[in-house]
Amino acid sequence: MEKYDTIIVGAGPAGLEAALVLAEAGKNTLVVEKNETIGQTICAGGLTIKDMDFVPKNIVDVEFNYMLLHTAKGSYDVDLGSHPVFMVNREKLGQWMAKEAQRAGARIGTSCRVSAVDGNHIVVNGEKIGFDHLVGGDGSNSIVRKSLDIPVNKTVIGIQYISKTLRKDFEVFVDDFKNVLKYSWIFPHSEFTSIGMGGSTGKAALMRRSLDDLCERLSIERTRFEAARINIDYKGIVFGNRFLAGDAAGIASGLTGEGIYQAILSGEEVAKGIMNKEYAYPGIKHLLKLKTRQERLLNIFGMNQYIPHILFNNAVPFLLKKRGLCRMINDKFNLV
Ligand SMILES: Cc1cc2nc3c(=O)[nH]c(=O)nc-3n(C[C@H](O)[C@H](O)[C@H](O)COP(=O)(O)OP(=O)(O)OC[C@H]3O[C@@H](n4cnc5c(N)ncnc54)[C@H](O)[C@@H]3O)c2cc1C
C-alpha cells in the first residue's frame, strides 16, 4: 500500500495551504481532489485586505476602494479607505495555490474522490492509500469530519447567480429583514458578475425568490444558479492524527459566510500543528474570537427584525457619515 506522511482531502484553499506549508518543510504530502479541475467551487470570490497576506495582487481580478450600501432608507457610497475589497476568480486562485504547493513538492491527484476513511488509510477510486496524518480540507460536506463522527448542526446558505451581465460597482444590500435574516451582494468580476445572497439555511426558497426579484429590478441576467451550505459548526481541528481545516472544521463566519481567509489560515495552522505537537494555534484562537463576536451579533439580529433594520438604516450610516466615509446617493440608485 502506498503511504504518505500526510494526506489532505480536498484541494480548496484550506487543503492547498496546508499542503504548501507541509511540503515546504519537506514532508511527504499528497492532496486528493474529487474534481477534475481545481477551484471549481461555489463562491462569489470576494476577498478582504487580510486575504492579501496569502494571495498575490497579480491574481486579483478587480479591486474596489468603495462600496454601494443599499438600505431601506437610501443608498450610500461608502469609502472603504484602507480596507479595499478584491474579487478573485476561484479557479484562478485554486490553480495558483496548487502550483505553489506542487512547486514545494506536494503531490496533487485530481479526479480522486475519497469514498472511505478507515484506520490509517483512505480509499480513493477503490485503492487504499496509507497516512500518518490526515487533513480534512474537504469543505462543508466533509467525509473526514464524518469519519470522526462529528455532525454538522449549524449551517448558513449562500445562493448566487453567475451572470453574464457585467456590473461596475461592488454593492451590498441590507434593505429587507422581514421574512428572513439575509443580505445580498453584487460582486463584479471582469468576465461575469456574482449576484447573491447569504442567510438562514431553512429559508433558501424565500431567499431565491427575493434574489430573483433583485435580478429583475436591476435587469441582471440569471445565467447560472448555484447554492451551497456553509458549515459554521466549529468543534475543533485536532482529533488524534486526523485534522480538520476550513469549511470542514466549520470555521467560516456565520454572519457573512466569508470563509476563504479562514480556510487558508486554518490550513496553515493545521500544517504547523502536524509538524509541532506543542503548537498553540494562535491563528485559530484569533479566528474563533472573531467568529464568536460575529455569531453573537447574528443571534441578536435574529431576535427581532427591527434590530438589524434600525442598525443598518440609522446607526451604520450615521457612524459612517460622522467619520466622513459615506454620502447618500439615493437619487442615483433608487432601488427601494
Ligand atoms: C454562494 C457562496 C458565496 C461565497 N462567497 C464567498 C466570498 O465571496 N468570500 C469568501 O471568503 N467566502 C465565500 N464563500 C465561502 C467560501 O467559498 C468557503 O468558505 C471556502 O471555499 C472554504 O474553503 P475550503 O478549502 O475549506 O473548502 P472548499 O473550497 O469547499 O474546498 C473543498 C474541496 O474538497 C473537495 N472534496 C470534497 N469532498 C471530497 C472527497 N470526498 N474527496 C476528494 N475531494 C473532496 C471539493 O471538490 C473541493 O475542491 C461563499 C460560499 C458560498 C456558498
Side-chain angles (χ1 to χ4, degrees), residues 7-19 30-48 50-51 54-55 61 85-91 93-94 97-98 108-117 122-125 129 134-147 155-162 170 172 183-187 189 194-199 201 204 207-208 211 224-232 237 244-254 256-268 270 287:
I7 294 180
I8 297 164
V9 186
L16 291 172
E17 183 67 19
L30 172 70
V31 182
V32 280
E33 165 57 48
K34 69 177 162 70
N35 291 339
E36 198 183 333
T37 305
I38 290 172
Q40 286 182 339
T41 309
I42 298 176
C43 183
L47 302 179
T48 58
K50 53 192 188 306
D51 288 283
F54 299 100
V55 179
D61 202 7
V85 165
F86 308 87
M87 301 303 155
V88 71
N89 182 318
R90 279 296 301 263
E91 204 171 308
L93 174 65
M97 290 188 79
I108 301 180
T110 52
S111 301
C112 290
R113 178 188 288 275
V114 175
S115 55
V117 178
I122 55 167
V123 180
V124 180
N125 301 339
I129 311 177
L134 180 70
V135 177
D138 48 346
S140 293
N141 206 18
S142 164
I143 191 167
V144 177
R145 185 173 172 129
K146 278 181 200 138
S147 79
T155 60
V156 289
I157 194 163
I159 66 172
Q160 67 178 354
Y161 284 103
I162 296 298
F170 161 48
V172 171
Y183 77 101
S184 315
W185 67 77
I186 293 178
F187 286 4
H189 291 250
S194 156
I195 175 165
M197 198 173 274
T201 302
M207 282 166 58
R208 174 129 190 216
L211 185 60
R224 188 177 83 234
F225 180 73
E226 301 179 335
R229 285 183 315 138
I230 305 168
N231 172 22
I232 57 162
I237 54 166
L244 297 176
D247 281 6
I251 201 138
S253 162
T256 61
E258 179 195 359
I260 298 173
Y261 173 73
Q262 291 84 340
I264 298 178
L265 184 56
S266 61
E268 180 182 89
V270 157
L287 285 178

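All ligand and atom numbering here is 1-based and tracks the order in the structure. FYI, the numbering just counts along the sequence from 1. Everything numeric in this text was worked out from a predicted model, so none of it was measured.
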Is the shortest N/O to N/O distance between Glu33 and ligand 1 below 3.5 Å? yes

Sequence neighbours excluded, the answer for side-chain hydrogen bond (donor to acceptor under 3.5 Å, both in side chains) partners of Tyr261 is none

Of the backbone atoms (N, CA, C, O) and the side-chain heavy atoms from C-beta on, which set of Leu47 has a member under 4.0 Å from an atom of ligand 1: side chain, backbone, both, or neither? neither

Does one side chain, of Ser253 or Glu258, offer a donor that lies under 3.5 Å from an acceptor on the other? no

Suppose I only count heavy atoms of Gly257 and a 4.0 Å limit; which atoms of ligand 1 are within that range? 12 (N), 13 (C), 14 (N), 15 (C)

Hey, does Lys34 come in under 3.5 Å of ligand 1, counting only N/O atoms on both sides? yes

Looking only at protein heavy atoms, which one is nearest to atom 3 (C) of ligand 1, and what is the separation? Ala44 N, 3.3 Å

Test of proximity, Val114 against ligand 1: N or O pairs below 3.5 Å: yes

Closest non-hydrogen protein atom to atom 6 (C) of ligand 1, residue and atom name please, with distance? Cys43 SG, 3.4 Å

What do we get for Ser115 next to ligand 1 when only non-hydrogen atoms under 4.0 Å count, side chain, backbone, both or neither? neither

Under-4.0 Å heavy-atom contact with ligand 1, by part of Gln40 that carries it: neither

Where's the contact between Ile230 and ligand 1, heavy-atom distance under 4.0 Å: side chain, backbone, both or neither? side chain

Under the rule for side-chain contact (heavy atoms from CB on, under 4.5 Å), what residues qualify as partners of Lys146, not counting sequence neighbours? Asn141

